[in-house]
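Heads up, the thing below is written out as structure tokens.
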Amino acid sequence: MPPDVSIIVPCYNVAAYIDVCLESLTRQTLRSIEIICINDGSTDNTWNCLLRWQAKDDRIILLNQSNAGVSTARNAGLDAARGLYVGFADPDDYADPEMYGRLLSGALEHDADVVECGNHVFSDTTAELIVSRRRSPAWNFESDASPANFFRDSVWGKMDICVWSKLFRRSMLETHSLRFHADLKCGGEVETFRLTVLPHASRLLFIPDCLYYYRLMRRDSLSRHCDDIPHSQCVQEFRRLLYIVDYWKARGWLNAGLFAYGVRKLKPFFISKHPLFNRMTPPQKRIILAWWHEFYRQAGGDLFFSTLSGRDRQLADLLNSVPPPSNGFSRILLLAGSCLPGQKGRYYSCKRVLSTYLSDTRSFSGLPTASPQRPD
């Protein structure tokens, strides 16, 4: 008989952690599970640890692949999964013994497509719980979630980005061929997965119990590598958003909520305490502005601009009409505005950087119109 739950564990150089994780999974009160561990080209003793665990518990299924990243590893686990529901665990975390039993019970009771619980966060160095990072969602069941209701205060906005606190109905994932985007990193693959899965999931359940224990933060974690180059970070976020926009447009879901979500995700690159845009070279700035215009066109900016909140609308307007090179007086005004506190000062700082960028790009004429290279 197929198991009730498949738990997918991507593993890369986790010999120091995997015992605690698998101990917590094999001791689940829910016995009808399979634990699919994918060794993603580890160079330490991870594979031998996994073999030892498989010899102790025949519910553990091992897959071995060359190093290809956490998304490819999770996808391999999804291809092998047989459970009614699918969950994910990180190999350096652990679960409460009742976690998957409680999630499955709630999912079956409400016929939920996705069910989520709360989580604790603990220190990698001291193992102490970090109370301020604890997450406990209020109990809620949504029987008719819809992409049309995708706004910040919707039920989707209450669902955490992470995959390890959830169970997903496997038939839903298979029916719509839902997998992780293997080219995205630094959390982008998880958020993209969420925004391709949830539109298909109309029945969502939240339970407040904190049943998962998340480690903060192991520097060499498989799923936590990021590119520190400012330009690359921005390009990846634009690629991710355009992938989601394309997916939603193909299914007739595109709406103001998704456009506003994209603007909010891009905003920190331009308006924050230390915006990445400010650290780019003039050619890189031009490329990023081209990406902005591509996103604005594809996400329906002309239709949904007026629905943005005040600050977000202000930013979109600024990026759509980059200010001309400033003269001496306007430069002083922009500098003074940049000294204002909060978002207003950051907005003027962004405006000053854009104006300076035009001054430094003498051969630049008009706004960038060529579409940037799109991902496959």
Side-chain angles (χ1 to χ4, degrees), residues 6 8-12 36 38 40-41 63 65-81 86-91 113-114 116 147 150 156 159-170 172-201 221-229 231-254 257-259 261-266 268-269 287-288 291-292 294-295 298-299 371-376:
S6 300
I8 295 171
V9 188
C11 302
Y12 175 73
I36 305 173
I38 307 94
D40 188 44
L63 304 177
Q65 65 181 37
S66 300
N67 180 248
V70 64
S71 292
T72 300
R74 285 175 174 149
N75 288 342
L78 285 171
D79 291 341
V86 177
F88 300 89
D90 282 355
D113 298 312
V114 182
E116 174 184 298
F150 179 44
W156 286 20
M159 184 161 278
D160 201 2
I161 293 172
C162 68
V163 292
W164 34 252
S165 61
K166 300 175 178 63
L167 283 183
F168 301 87
R169 192 195 301 272
R170 188 172 69 87
M172 175 188 66
L173 301 181
E174 296 306 313
T175 297
H176 302 289
S177 302
L178 296 167
R179 292 296 187 267
F180 291 87
H181 193 311
D183 293 335
L184 298 176
K185 300 177 182 179
C186 198
E189 74 285 354
V190 177
E191 175 70 336
T192 302
F193 184 74
R194 182 176 79 107
L195 290 182
T196 53
V197 168
L198 288 187
H200 296 290
S221 168
L222 175 67
S223 60
R224 295 162 197 170
H225 284 300
C226 300
D227 191 337
D228 290 330
I229 301 173
H231 178 253
S232 297
Q233 286 187 43
C234 291
V235 168
Q236 174 170 275
E237 184 65 6
F238 276 109
R239 291 180 65 237
R240 186 184 73 80
L241 289 171
L242 284 168
Y243 176 85
I244 295 169
V245 166
D246 287 346
Y247 190 89
W248 281 46
K249 285 177 72 173
R251 290 154 183 82
W253 296 338
L254 194 62
L258 185 66
F259 175 65
Y261 160 84
V263 174
R264 288 196 301 272
K265 284 293 184 179
L266 297 171
F269 293 128
I287 291 172
I288 292 303
W291 276 105
W292 160 259
E294 175 77 353
F295 165 75
Q298 297 297 332
S371 297
Q373 183 177 357
R374 295 290 300 275
D376 294 334

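- A salt bridge links Asp90 to Arg74: one of the charged nitrogens lies within less than 4.0 Å of a carboxylate oxygen.
- Judged purely by atom type and a 3.5 angstrom limit, Glu116 uses its side chain to pair as donor or acceptor with the backbone of Asp160.
- Using a 4.0 Å cut-off between charged nitrogen and carboxylate oxygen, Arg179 and Asp79 count as a salt-bridge pair.
- You'll find the side chain of Val70 stays beyond 4.5 Å of the side chain of Tyr12, heavy atoms only.
- The aromatic rings of Trp253 and His200 sit perpendicular, their planes meeting at an angle over 60°, well past the 30° parallel limit.
- The CD1 atom of Ile161 lies 8.5 Å from the NZ atom of Lys166; values are rounded to the nearest 0.5 Å.
- Contact of the Pro147 side chain with the Trp248 side chain is registered, since non-hydrogen atoms from C-beta on lie closer than 4.5 Å.
- Side-chain rings of Phe238 and Phe269 stay apart, their centers remaining 6.0 Å or farther from each other.
- For the pair Pro10 and Ala89, the tightest heavy-atom approach, listed with the atom from each and the gap, is CD-O, 3.4 Å.
- Nearest approach of Ser71 to Ala182, heavy atoms of both residues: CB-CA, 3.7 Å.
- Between Cys234 and Ile288, the shortest heavy-atom contact is CB-CD1, 3.6 Å.
- The pair Glu189-Arg194 does not meet the salt-bridge criterion, since no charged nitrogen lies less than 4.0 angstrom from a carboxylate oxygen.
- Using a 4.5 Å heavy-atom threshold, the side chains of Tyr261 and Leu241 count as touching.
- At least one side-chain heavy atom of Trp291 sits under 4.5 Å from a side-chain heavy atom of Leu242.
- Geometric assessment of Arg239 against the ring of Tyr243 yields a negative cation-pi assignment under the 6.0 Å and 45° thresholds.
- Ser6 OG to Ile36 CD1: the interatomic distance, rounded to the nearest 0.5 Å, is 4.5 Å.
- Between the CD atom of Glu237 and the NZ atom of Lys265 there is a distance of 6.5 Å, given to the nearest 0.5 Å.
- Within the 3.5 Å criterion, the main-chain N or O of Arg169 finds no donor-acceptor partner in the side chain of Asp113.
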Kindly indicate, with the supporting measurements, whether the criterion ring-ring contact (aromatic ring centres under 6.0 Å, His included) is fulfilled by Phe193 and Phe168. CA-CA 12 Å; Phe193 184 74; Phe168 301 87; 5.6 Å; yes
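- The minimum heavy-atom distance between Val86 and Ala81, with the atom names listed, is CG2-CB, 4.3 Å.
- Distance OG1/Thr72 to CD/Gln65: 6.5 Å, rounded to 0.5 Å.
- When all heavy atoms of Leu63 and Ala80 are compared, the pair lying nearest together is CD1-CB, 4.1 Å.
- Put simply, the side chain of His176 does not reach to within 4.5 Å of the side chain of Thr196, judged on heavy atoms.
- Atom CD1 of Ile244 and atom OG1 of Thr192 lie 4.0 Å apart (nearest 0.5 Å).
- No side-chain heavy atom of Leu254 sits under 4.5 Å from any side-chain heavy atom of Phe259.
- At distances below 3.5 Å, at least one donor-acceptor pair connects side-chain atoms of Asn67 with backbone N or O atoms of Asp40.
- To the nearest 0.5 Å, the span separating CG on Leu78 from CZ on Phe180 amounts to 6.0 Å.
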